[in-house]
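Residue numbers start from 1 in every chain, and the chains themselves are labelled A, B, ... in the order their sequence lines are given, proteins ahead of strands.
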2 protein chains.
Amino acid sequence: MRPTDLDRVRGLHLFGQAAPETFRVATAGAHLQRFPANTTLLFEGDTVDFLYMLLEGQVELHGTWNDHETVMAILRPVSSFLLAAVVLDADALMSARTLERCEILMIPGDAIRTAMQLDARFAMAVSRDLAGGYRGLVRTIKNHKLRSGVERLANHLLALRSADNAGSTVRLHYEKRILASLLGMTPENLSRAFAALQAHGVTVEGALVHITNIAALEALAKPDPLIDNHAPRGGDILIDADAEIWSSEWNRKARR
Amino acid sequence: MRPTDLDRVRGLHLFGQAAPETFRVATAGAHLQRFPANTTLLFEGDTVDFLYMLLEGQVELHGTWNDHETVMAILRPVSSFLLAAVVLDADALMSARTLERCEILMIPGDAIRTAMQLDARFAMAVSRDLAGGYRGLVRTIKNHKLRSGVERLANHLLALRSADNAGSTVRLHYEKRILASLLGMTPENLSRAFAALQAHGVTVEGALVHITNIAALEALAKPDPLIDNHAPRGGDILIDADAEIWSSEWNRKARR
DNA sequence: GCTTGGACTTGATGCAGATCAAACCACTGC
DNA sequence: GCAGTGGTTTGATCTGCATCAAGTCCAAGC
């Protein structure tokens with residue numbers, strides 16, 4: 001593993017609080033692996049032997065039942081995944097596949113569990129990460145049960161805008177059919193949802209989405225800090241570890 | 001607090017592994033409180049100062065957006081709730097209200113956080129609890145995105161049957177309109193869903209549901225160990241801490 | 001260049017589930 | 001007992017979204 005990669009891992013919330021010894025133990029058995037695009041890393045139901053740290057590329061987590069498939073999350077660097085399964089030494093509930101060429105650091109699960117026993121601060125950091133993930137899922141469920149498809153799309157666009165702290169144009173980082181599944185709709189319906197948003201200040205141009213009237217879009221989307229993590233809360237400071245669904249690093253600002 | 005209550009708390013997964021000193025510290029500042037039925041304990045957005053341990057009664061967690069409301073979970077003893085918010089010292093994402101008269105042990109949040117710093121085994125137990133909760137929410141999302149209303153109801157009935165390790169009759173422990181919201185449908189639709197299940201060996205009699213043909217119901221429900229925690233996995237032993245959505249105690253057998 | 005395949009869009013149709021409305025029932029309180 | 005209230009059921013209707021079916025666009029391969 002290159003020193004620069006080590007630095008990146010060291011910088012994660014998960015290890016930031018840990019004792020140097022803990023960090024050494026955990027990363028000693030770790031190995032960096034590269035995967036091509038469209039590679040399944042793990043099927044749901046598989047035993048989870050490693051904690052995965054995505055350093056480069058994009059990974060999709062999805063679930064299956066009765067010949068249906070749904071995208072649960074898209075991960076971008078730097079994110080860890082499968083932490084809950086590792087902590088419990090349990091099977092994976094979701095499959096993971098690369099959407100593009102990826103660099104992934106794989107840390108043996110028992111190293112993580114051992115480190116937690118030895119270092120309360122590290123165990124605390126794991127708890128914070130899991131708690132943040134937990135709250136992200138609560139937000140996701142509220143999003144799905146309380147809003148319509150168009151409303152979910154509108155809020156997704158606002159979240160993207162906030163994450164990229166961009167101007168009036170955001171870029172979709174993956175295919176629309178994947179976004180559709182993530183938002184819980186069909187590709188056809190996503191297309192129509194975009195069309196519906198034209199009346200609310202949104203125009204689409206391939207992967208680029210122009211938000212020409214933010215006020216109008218927000219009026220439709222009604223973002224809420226208790227669902228949308230990006231939404232402003234009344235003058236409050238955003239708690240760092242409560243950042244996102246899959247990793248506290250997911251949503252950090254100034255990425256690239 | 002009565003000694004018997006202390007014993008019940010001591011028996012929880014959360015404290016089972018903790019050092020006696022940790023247990024003492026955490027429960028020293030705790031107080032037992034009784035609430036009447038239909039009392040809101042906490043609104044979403046409120047600051048969370050306590051970890052709540054439900055010792056008696058039923059509590060509903062629900063979320064709101066734009067004048068809509070949805071039930072996120074129903075808790076029964078012995079369950080903890082708001083652990084994720086406590087770990088992060090964050091606002092509640094869900095409101096909590098009693099459905100009936102409740103006894104709740106309230107443990108100061110900072111006592112929990114302090115105990116985690118001091119006792120790695122306790123921090124580990126918190127992680128396991130959160131990881132179990134996390135996985136429960138993943139199951140919930142798969143359930144909602146991949147199944148229809150009737151399928152969700154069918155699986156819910158099978159889960160009830162499994163939890164009560166009962167015979168062919170299960171009892172609904174709360175009102176149908178609450179169950180409807182929990183399953184993501186309207187009361188009218190739940191009624192029709194029950195009617196639809198008549199063709200698959202289910203008859204309803206108030207709060208009692210008779211499953212006259214389990215094979216037929218399972219053929220419709222297609223329970224899956226990666227969604228339904230009760231579903232049998234191939235000869236495997238069920239991992240204890242991965243027990244349920246809101247608490248590892250939720251689903252334990254031989255309750256009453 | 002042409003061809004092929006997959007992503008995306010657009011239109012027509014069908015279905016699951018929401019909404020509206022009314023009736024029924026059980027329980028509560030007077 | 002009786003009226004009132006709220007939960008539940010049933011029916012009629014409406015809507016959002018899925019499904020089915022073309023057709024377009026675009027990139028990769030021959």
Under a plain distance cut-off of 3.5 Å, with no hydrogens placed, do [Y] and [X] share a side-chain donor-acceptor pair?
X	Y	answer
A:Q33	A:H31	yes
B:H210	B:T169	yes
B:N229	B:R139	yes
B:H62	B:R97	no

How many Å lie between [atom1] on [X] and [atom2] on [N], as a whole number?
X	N	atom1	atom2	answer
B:L179	D:dT9	CG	P	11 Å
B:H144	C:dG17	NE2	P	11 Å
B:L208	D:dT8	CG	C1'	15 Å
A:L99	C:dA7	CG	C1'	15 Å
B:N38	D:dG6	CG	P	11 Å
A:E175	D:dC26	CD	P	16 Å
B:L172	D:dT8	CG	C1'	13 Å
A:F194	C:dT10	CZ	P	12 Å

* Reference residue A:T70; test side chain to side chain donor-acceptor pair (under 3.5 Å); the match among B:K142, B:K145, B:H144 ->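 Single pass found, and it is B:K145.
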* Asked: Is any side-chain N of the basic residue among A:D91 and B:R135 closer than 4.0 Å to the acidic one's carboxylate O?
  ->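 No, this pair does not count.
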* To do: Any chance you could measure B:Y174, atom OH, to B:Q58, atom CD, to the nearest 0.5 Å?
  =>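 Answer for the OH-CD pair, B:Y174 versus B:Q58, is 7.5 Å.
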* How many angstroms lie between CG in A:L55 and OG in A:S80, if you round to the nearest 0.5 Å? ->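 OG of A:S80 is found 11.0 Å from CG of A:L55.
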* Stretch residues 145-152 of chain A: residues that reach within less than 4.0 Å of DNA chain D through a heavy atom ->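 Under 4.0 Å from DNA chain D: A:S148, A:G149.
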* Structure fact -> Whether each nucleotide of nucleotides 18-24 of chain D has a protein heavy atom under 4.0 Å at its base (B), only at its sugar-phosphate (S) or at neither (-) is summarised, 5' to 3', as BBB----
* Non-hydrogen side-chain atoms of B:T64 and A:L226 separated by less than 4.5 Å ->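 No, side chains not in contact.
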